[in-house]
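One structure below.
Here is the naming used below: chain letters follow the sequence lines, and residue numbers restart at 1 for every chain.
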Amino acid sequence: MLTPPSGAPILVVEDSDEDFQALTWAMRKLKLTRQVVRCSDGAEAIDYLRRAGPYSGAAQPGLVLLDLNLLSMDGCEILAEIKGDPALALTPVVVWTTSANPADVERCYRSGANSYVLKPMDTDEFLHEVNMLTRYWFDVVMLPSSASE
Amino acid sequence: MAPELAEAAPPTVDLANCAREPIHIPGAVQPHGALLVLGEPGLEVMQASENTAALFGVAAGDLVGGPVAALLGDDGTGQVREALARADPTASNPLRLTVAGSGWDGIVSRTDGGALLELEPAAEGDPRSVAALYARVRGALARLQGARTLAELCEAVAEETRAITGLDRVMVYRFDAEWNGEVVAEARTPEIDSFLGLHFPASDIPAQARELYRRNWLRLIADAGYTPSPIVPAMNPGTGAPLDLSASTLRSVSPVHLEYLRNMGVGASMSVSLLRGGELWGLVACHHASPRYVSYEARTACEFLGQAFSVQLGAVGEGEDRAYDLHVASVGALLLDRAAADEDWVRALTRGTPSLADLAGARGAAVVSGGECSSVGETPSGPQILALAAWLAERDAEVFHTEHLAREFPPAAEYAAVASGVLATAVSRRRGDYLLWFRPEVVRTVEWAGNPEKAVREGGAPPAGAEEHAAPVPTLHPRRSFEAWSQTVSGRSVPWKASEIRGAAELRGRIVELVLRRADELARLNAELARSNDELDAFAYIVSHDLKEPLRGIGTFSRMLLDDHGEHLGTEGRDEVDTLIRLSARMNGMLDSLLLYSRAGKLELRLVETDLGELVGEVLDTLRTRVERSRAEVRIPRPLPTVWCDPVRAGSVYQNLIANALKYNDKPDPWVEIGWLDPERAGEPATLYVRDNGIGIARRQWDAVFRIFKRLHGRDKFGGGSGAGLTIARKLVERHGGRIWLESESGRGTTFYFTLEPGA
C-alpha cells in the first residue's frame with residue numbers, strides 16, 4: 001500500500017472561528033500532526049485550490065473539509081465548482097456540517113461530494129470523528145496521484 | 001234568459017243556475033212605492049208599475065202614453081224636469097211631490113229605457129227629525145273616523161246604522177277570498193237571536209247580486225211578504241227589452257231571496273254595500289222582525305255611513321297592515337340578531353323567544369339544514385318534514401306557501417291536523433336547506449244559515465214576475481230549513497298574510513347572507529391559519545437549526561476547558577463545567593424536538609391504505625425493549641381497521657402514545673390497550689385509542705399536555721423526555737385532518753383518542 005506523503009494538508013473551509021478552534025484542539029488532543037489549512041469562505045477556498053493569487057505556492061490538499069453554511073456562498077455551490085473543474089475535481093471533498101436535512105445530503109452527493117458527515121454535538125463523538133476522518137482519508141484511502149504533489 | 005234554460009233535457013239543477021238568475025230585470029217593483037218610466041224630453045209616461053191604481057187611484061194602463069203631469073201636476077213635473085236637466089239627476093233627490101193629495105218622495109234617476117221616477121211615501125215632515133238625523137250622522141262619522149282597528153270600525157258602523165234606522169238587527173258581513181260570508185259585527189235588540197259568528201256560503205249572495213251591489217249601494221225590502229207589482233208594459237218601448245232596474249230603489253228582488261228572508265222570520269231587510277278599492281268587501285245587512293219602511297233620508301244617511309266606512313277601511317286596514325308589518329319586521333330582526341350572535345344559526349333560530357314560528361304567526365316552525373331537521377312548536381315529525389323539504393327542493397321554489405298542502409303534496413294529508421298550511425323559503429336549494437312554518441287545520445265549524453243544497457221543486461209555477469217559460473223547468477227554491485249546519489272544512493288553514501310571506505322571504509335573504517359571510521370568514525381564517533402555520537414551521541426550522549451552531553460550540557468549549565484546565569478548577573469547578581455540558585446537551589435535545597416538530601408540519605403526507613394492525617405490530621417491535629422492561633401487558637381487543645393515512649407519521653403517533661403509556665405507569669400490573677371505536681355515523685372515521693392504567697392526568701392539566709416542552713413531572717421522573725412528543729403527535733394527527741384528545745382520571749389511567757381522517 002502506498003502511503004501518501006504526510007505533507008498533504010487538510011483544507012478546512014470554515015467560517016466559524018469557534019469551530020476551527022475546536023478542530024485544532026481536537027487534532028492536538030489526538031496528537032494528529034497533519035497540517036491544517038483554513039479558508040474562511042468559498043471564494044478563498046477556490047483560489048487556494050487553484051493556487052491563484054496569494055496562494056500561488058500553496059500545497060495541494062489531500063482532503064477538503066467543507067462546511068455548508070458559509071458567508072458568501074452556499075457550500076454546495078463551492079462543491080459544485082470544485083467538482084466541476086477537471087483540474088480540481090479529483091481532490092476528495094467531505095461535506096462536514098451540522099445540517100442533517102436529507103435534502104442537503106442528496107444535493108451534496110449529486111454535486112459530487114465524496115462523503116457527507118455530520119458534525120456531532122457531543123465532544124467525545126467529535127473527537128472520535130476527527131480521528132476517524134483523518135485516519136480514513138489519509139491512512140486507509142488511496143488518494144489519486146494528482147492530489148499529491 | 002230563456003234560451004239558457006230551454007234545453008231538450010232538463011238541465012241539472014245546481015247553485016250555478018241560481019247565479020244566472022237575472023235579478024236586474026225583474027220586471028216588477030215592490031209595492032210600497034210606484035215606478036214611472038218617462039220619455040225625454042217630453043216626460044210622457046212610457047211604463048208604470050201596476051200599483052198606481054192602488055196607490056193613486058189611477059190605472060197604470062191609463063197613465064201610459066200620457067204626460068206625467070197628469071199625475072204630478074205642473075209643479076211636480078217642473079221639479080222633475082229641473083232635476084233631469086242637471087248633470088247628476090240624483091243630486092236633487094228626494095223631490096217633494098204631491099200626488100193624489102198626499103206627500104210623496106220622488107226619486108229620479110236614468111236608466112237604459114229612459115228617465116226613472118220612483119215615488120215613495122214621504123217621511124214625516126218634522127224638521128227637527130231631519131236636524132236630529134244630521135246630528136246623529138255627524139256623531140257616527142266622528143266615531144267611524146276614530147276607530148283604530150277593524151273590529152272597532154265594524155262595531156261602530158253596525159251600532160250607528162241601527163241608531164239611525166231603528167232596525168232590529170244590524171250586521172256587518174265580511175266576504176272571504178271565495179265569497180263565503182261571515183258576520184263579524186252585530187247590533188240588535190236583546191229579544192232576537194244573535195247571528196254573530198255565523199258563516200254562510202258564497203251561493204247565498206251569488207255573483208250577479210254582488211255585481212249589482214257593487215254598483216248600487218243600498219237595497220231595501222220594506223215587506224218581505226210583498227206581492228210584486230209588475231211593470232206595464234213589460235217591455236220598454238224605447239229598447240224593446242225589459243227595463244234595467246239596477247239603480248232602482250223599488251226593484252223587486254229575487255223570489256229566492258224573499259223566501260230566504262221569510263224562512264229567517266224577517267219582515268223587512270236593508271243592506272248597504274261596503275267597498276274596498278272599488279270591490280265589494282262586505283255588507284251592512286239589516287233585518288227587522290216586521291215590515292218596515294226606511295225613509296229616503298235615513299237610507300241616504302246609512303249609505304253615507306257605508307261610504308265613510310269604506311274610506312276608513314282603507315286607513316284602518318293599512319294601519320293594521322302596517323302595524324303587523326312592523327311586528328313581523330321586528331320579530332325578524334330579533335331572530336337575525338340571535339342568529340348572528342350564535343355560531344350555530346340553526347340553534348339560534350329554533351331556541352328562545354321570540355321563536356321562529358312567531359315571525360309568520362305560525363304554530364310551529366322548522367329549519368332543515370345539512371339533512372337534519374330542528375323544529376319548534378307544533379310541527380310534523382322530523383322525517384315528515386325532511387320528506388316535505390325534499391319535495392320542495394324538487395319544485396325548485398324559493399318561496400312557497402299554501403293553505404291546503406295536501407292538495408299539492410298528497411302525503412301531507414297524514415299530518416293535515418297540525419300542518420295544513422305551509423310557508424317555506426329556501427336557504428340553499430342546492431343543499432335542500434329550508435326554513436318552514438306550519439299552520440294547523442282550521443276546523444272551521446261553519447254554521448251555515450241553512451242547508452246549502454237548495455231543494456229543487458220540479459214542475460212548479462215560476463215565481464211571480466218572472467218570464468213565462470216555454471216548458472216547465474226546474475226552478476231553484478230557497479232552503480226550507482234553517483238548522484245550523486256544521487260543515488267542517490278539512491285540510492285547510494288560515495291563509496298566510498302578505499306581510500308574513502314577505503317576512504319569511506326577508507329572513508331567508510338575511511340568513512343566506514349570514515351563512516355566506518360566515519363561510520367566507522371561515523375560509524379566510526383557514527387560509528390565514530395555514531399561512532401562519534407555515535410561517536411558524538419555517539421559523540421553527542430555521543431557528544432550531546441556527547441555534548444549534550453556537551450550542552455545539554458551548555458544549556465543545558466547555559469540554560476543552562475541562563480537558564485542558566480541569567486540574568486547575570478543582571472538584572467543584574469541574575462539576576460546574578460538567579453542568580454546563582449537561583445543560584447544553586439538554587438544550588440540544590429540545591432543539592432536536594423542535595426540529596422534529598417543525599418537520600412534522602412541513603413534510604408532505606404520503607397517504608395510503610394502511611393496515612393499522614400491521615403498523616402497530618411494527619411499532620411494538622421497535623419498542624420491544626421498553627415493553628419488556630416495563631413488564632406491561634399489551635392488549636389489542638379486536639383487530640385494528642385499515643385506514644387511509646401516512647404510515648410513517650401514523651407510526652410515530654402510535655410510538656409516542658405507546659411509549660408514554662409504558663413510561664407513565666406506576667402500577668404493579670401495567671397494561672396498554674390499543675383499540676378503536678366504531679364510528680357513530682356511516683362515513684365517519686373510526687376513533688382510535690391508546691389506553692393505559694397508568695398515573696393518569698388531572699383534568700386541569702389536559703390542555704397543557706399538548707404544549708411543547710411542557711412537562712407535567714420532574715425531569716428525572718418517569719424516564720424524562722423533552723416534553724415534545726405529544727405536541728408532535730398532535731401535529732401529525734392534525735396534518736391528517738384528524739383530532740386528538742384525551743380522557744383520564746388521576747391515579748387510574750389515561751386514554752388518548754385520535755382520528756387519522758377528517759370527520760364531520
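Taking the side chain as every heavy atom from C-beta outward, B:P685 and B:L756 never approach each other to under 4.5 Å. Counting only heavy atoms from C-beta outward, the side chains of A:L68 and A:D104 approach each other to under 4.5 Å.
Sorted by first and then second residue, the ring pair (Phe, Tyr, Trp, His ring centres under 6.0 Å) pairs with a member in residues 10-65 of chain A read A:Y48-A:Y55; sequence neighbours excluded.
Here A:S111 contributes atom OG and A:I82 contributes atom CD1; the two are 11.0 Å apart, rounded to the nearest 0.5 Å. Note: A:T91 OG1 to A:L11 CG = 9.0 Å, rounded to the nearest 0.5 Å. Interatomic distance, A:T134 OG1 to A:L30 CG, rounded to the nearest 0.5 Å: 7.5 Å.
Contacts between residues 113-121 of chain A and chain B, counted as heavy-atom pairs separated by less than 4.5 Å, involve A:K119, A:P120, A:M121. Interface with chain A: from residues 558-583 of chain B, residues B:R559, B:M560, B:D563, B:D564 qualify, criterion being any non-hydrogen pair under 4.5 Å. Of residues 620-632 of chain B, no residue lies under 4.5 Å from chain A by any heavy-atom pair.
Using bins of under 30°, 30° to 60° and over 60° for the plane-to-plane angle, the ring pair B:F752/B:F706 lands in the perpendicular bin. In this pair, B:Y753 and B:W741 present their aromatic rings parallel. The plane angle is below 30°, not in the 30 to 60° band.
Closest non-hydrogen pair, B:A661 versus B:N665, comes out as O-CB, 3.7 Å.
Distance alone, capped at 3.5 Å, places no donor-acceptor pair between the B:R649 side chain and the B:V733 backbone. Proximity of a side-chain donor or acceptor of A:R38 to a complementary backbone N or O of A:E14 within less than 3.5 Å is detected. Proximity of a side-chain donor or acceptor of B:D646 to a complementary backbone N or O of B:R606 within less than 3.5 Å is detected.
For chain A, the nearby parts of B:L551 are the backbone and the side chain; heavy atoms of each come within less than 4.5 Å. For A:D124, the parts lying under 4.5 angstrom from a heavy atom of chain B are both the backbone and the side chain.
In the displayed structure, B:F539 atom CZ is contacted under 6.0 Å by at most 12 heavy atoms of other residues, nucleotides or ligands.
Side-chain polar atoms of A:T97 and A:D67 form a donor-acceptor pair below 3.5 angstrom.
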